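Only a predicted model underlies this, so the values are computations on that prediction, with no experimental measurement involved. Whatever order the structure lists ligands and atoms in, that order sets their numbers, starting from 1.
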Amino acid sequence: MYTKLWLDYETEDSGASVVFDELNPEDGKIRNALKELKRCSFLKDKTVRLRMIRDESLREEGYHIYGNDPEYTVEAASETGILYGAFRLISLIRLGFYEVREVPANGLRMLNHWDNMDGSIERGYSGNSFFFEDNKLIINQRTEDYARFLSSVGINGVVINNVNVKGEACRLIDERHLPQVNQLAELFSSYGVKLFLSLNYAATMEDEHVGSADPLDPGVRLWWERKFDEVYEKVPKLGGFLVKADSEGRPGPFTYGRTQAEGANMLARALKKHGGILIWRCFVYNCQQDWRDLKTDRARAAYDYFHDLDGCFDDNVVLQIKNGPMDFQVREPVSPLFGQMPRTNQMIEFQIAQEYTGQQRHVCFLIPWFKQVLEFDTYAKGKNPGESRVKDIVSGRTFDYRISGICAVSNTGNDENWTGHDLAAANLYGFGRLAFDPELSAEKISAEWIRLTYGDNEKVLRNLQKILMMSFAAYEKYNAPLGIGWMVTPSVHYGPDPDGYEYSSWGTYHKADCRAIGVERNASGTGYAGLYPEPNASMYENPETTPEELLLFFHRLPYSYVLKSGKTIIQHIYDTHFEGAEDVERMAELFGELRGLIDGKAFDRIEKRLAHQLWHSKEWRDVINSYFYRKTLIEDEKGRKLY
Ligand code: GCW
């Protein structure tokens, strides 16, 4: 058995009466909407009318919900809208009903799974895959419940296999797996979710008659055309493919001296007639860097490889760009590609798998952070407010993109509670809600999740919300300071190791010595700051105007540099690290007050993880503080213990 997350309302038949108006009760999505409404004991004796209407403003996925107890109406212009509306009605009734008319802001709202076909999950922190085991697909009740979760928060796409396509996953598009892929695509589709697969760019290499992956080779093109014909014949509802090319050992067009656009377009053209889209990742950089090389800056890589290709990608390609220029650190600036490719579809990639943010053993509610990213103004269209914030760009509004949106690397696995840490489910729920409506506040999202998951107890709401809302800042405080990133243990990415990546080939250096720390990324350094449109370029150019949480990302500064708080950098490091661990202590106390108020098993699981987090935050605190103390021999003004 496993937890039912926020959809925990299972009854056989609640007795609610559901009336259909202008729609076909045999359609899969309508059947699922009905099933969902019938499951809710709290809809007993209520009437729900589902009505298909012609209203272009609701588009493909919007809905209008109104009514007065005991009668409610869900109107939409498509079956998907009806299904989303039914889910929304259910949560609205549980949260306190009010009329809503909602249309998702983003076209693509996706999750990427890094699941391997042997059942393991790359960067998975909640057990094994529930999609694959022993090189086979799994389809069972859990799969369906997962589809329900996604649909209930408005997620409309899912990539089920790892972007690092290896082993049997290379054969996922072969005859032997396609019938099951199709079964899965049909199941997801009946919940309004499109199935996508990650693709091995060099699949053609394995065919001895082709023996190449050169995108301009006619043999390669023909091979993909035939392959996609076969795939779409067997899996007509497949949304398309995601590709990681020329990155971290993955093959790509660079091998043949071709551009990223030539590589992407070759696949996109073969997909076109099937209506498929090609999602091409911009996570391309040299991971064999020499740490002695002071010129190369990994932060520049995606921009340098992609920016000049604006306008070169076909219209069924969308570039998937990580939120920051590096790799899902607790703090990074926004990728400079956003806003600077007006003629190329873009979407943003977040990570709710907490690879660098506590691996679902630490509570780290990421929604406040994602909101900051989405609100960032790129000024791509000049200074008019509200035209080119990241959320405007990825919703397609700024440049009228044909395809655009938001995705996140998923945090789920086959653990009883799905997400390892019970509270990490707030990131899954929150990501979906935010992708649907970026205007929602993190407070509102967290309150919804808490009430849908744990009920209406005021204290539970108050304490859990405090914990969630303080968790990101706490984590940032005891992690690497001031945006510098990467003080984690190499490869596992868990726990402190300040010099772990310092002399490695990954391009992730903080360069701390006894006098200064940070990487100079302004014009006198790598020039990275100048990649942003004004006024952001000037803001980042100068340490005085750089937002302090990113100070060491952009500048190399002495430990005696004074921050706006009046504290030196070194004192700031000491203080924030002590504070971070104290915050976790507070979180554990707040949680302790909930004993008896939430389900005992869940309580025990969370309590255990918080105890670990408390110990581990102190480990972070002491390792980071001692590291800097030993480098600088500067005492803590407050005389606390350093080692
Ligand atoms: O953050 C890094 C991870 C890799 C991952 C890569 C990527 C799937 O450490 O495990 O590979 O990013 O995003 O492709």
Identified side-chain contact (heavy atoms from CB on, under 4.5 Å) counterpart of Met347 within the set Ile279, Val394, Ile406: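 Of the listed residues Ile279, Val394, Ile406, the side-chain contact (heavy atoms from CB on, under 4.5 Å) partner of Met347 is Ile279.
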Atoms of ligand 1 close to [X] [distance to a heavy atom under 4.0 angstrom, numbered from 1]:
X      : answer
Arg123 : 3 (C), 4 (C), 9 (O), 10 (O)
Lys244 : 6 (C), 7 (C), 8 (C), 11 (O), 14 (O)
Glu122 : 4 (C), 5 (C), 8 (C), 10 (O), 11 (O)
Val163 : 8 (C), 14 (O)
Phe283 : 6 (C), 7 (C), 12 (O), 13 (O), 14 (O)
Asp327 : 1 (O), 2 (C), 12 (O)
His493 : 9 (O)

Within the structure, is a non-hydrogen atom of Asn162 found at a distance of less than 4.0 Å from ligand 1?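 Asn162: in contact with ligand 1 (<4.0 Å).
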So is Gln351 touching ligand 1 or not, going by heavy atoms under 4.0 Å?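 Checking ligand 1 against Gln351, which is what was asked, there is no heavy-atom contact under 4.0 Å.
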Going by the angle between their ring planes, with limits at 30° and 60°, are [X] and [Y] parallel, tilted or perpendicular?
X      : Y      : result
Trp114 : Phe328 : tilted
His362 : Tyr475 : perpendicular
Phe313 : Phe306 : parallel
Phe554 : Tyr540 : parallel
Phe149 : Tyr146 : perpendicular
Tyr305 : Phe254 : tilted

To the nearest 0.1 Å, how far is [atom] from its closest protein heavy atom, and which atom is that?
atom                    : result
atom 3 (C) of ligand 1  : Glu355 OE2, 3.3 Å
atom 6 (C) of ligand 1  : Glu248 OE1, 3.3 Å
atom 8 (C) of ligand 1  : Asn164 ND2, 3.2 Å
atom 12 (O) of ligand 1 : Lys322 NZ, 3.2 Å

Lys136 side, atom NZ; Gln180 side, atom CD - distance, nearest 0.5 Å: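 Separation between the atoms: 9.0 Å.
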Would you give the length of the straight line joining atom CZ of Arg300 to atom CG of Leu531, rounded to the nearest 0.5 angstrom?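 Result: 4.5 Å between the selected atoms.
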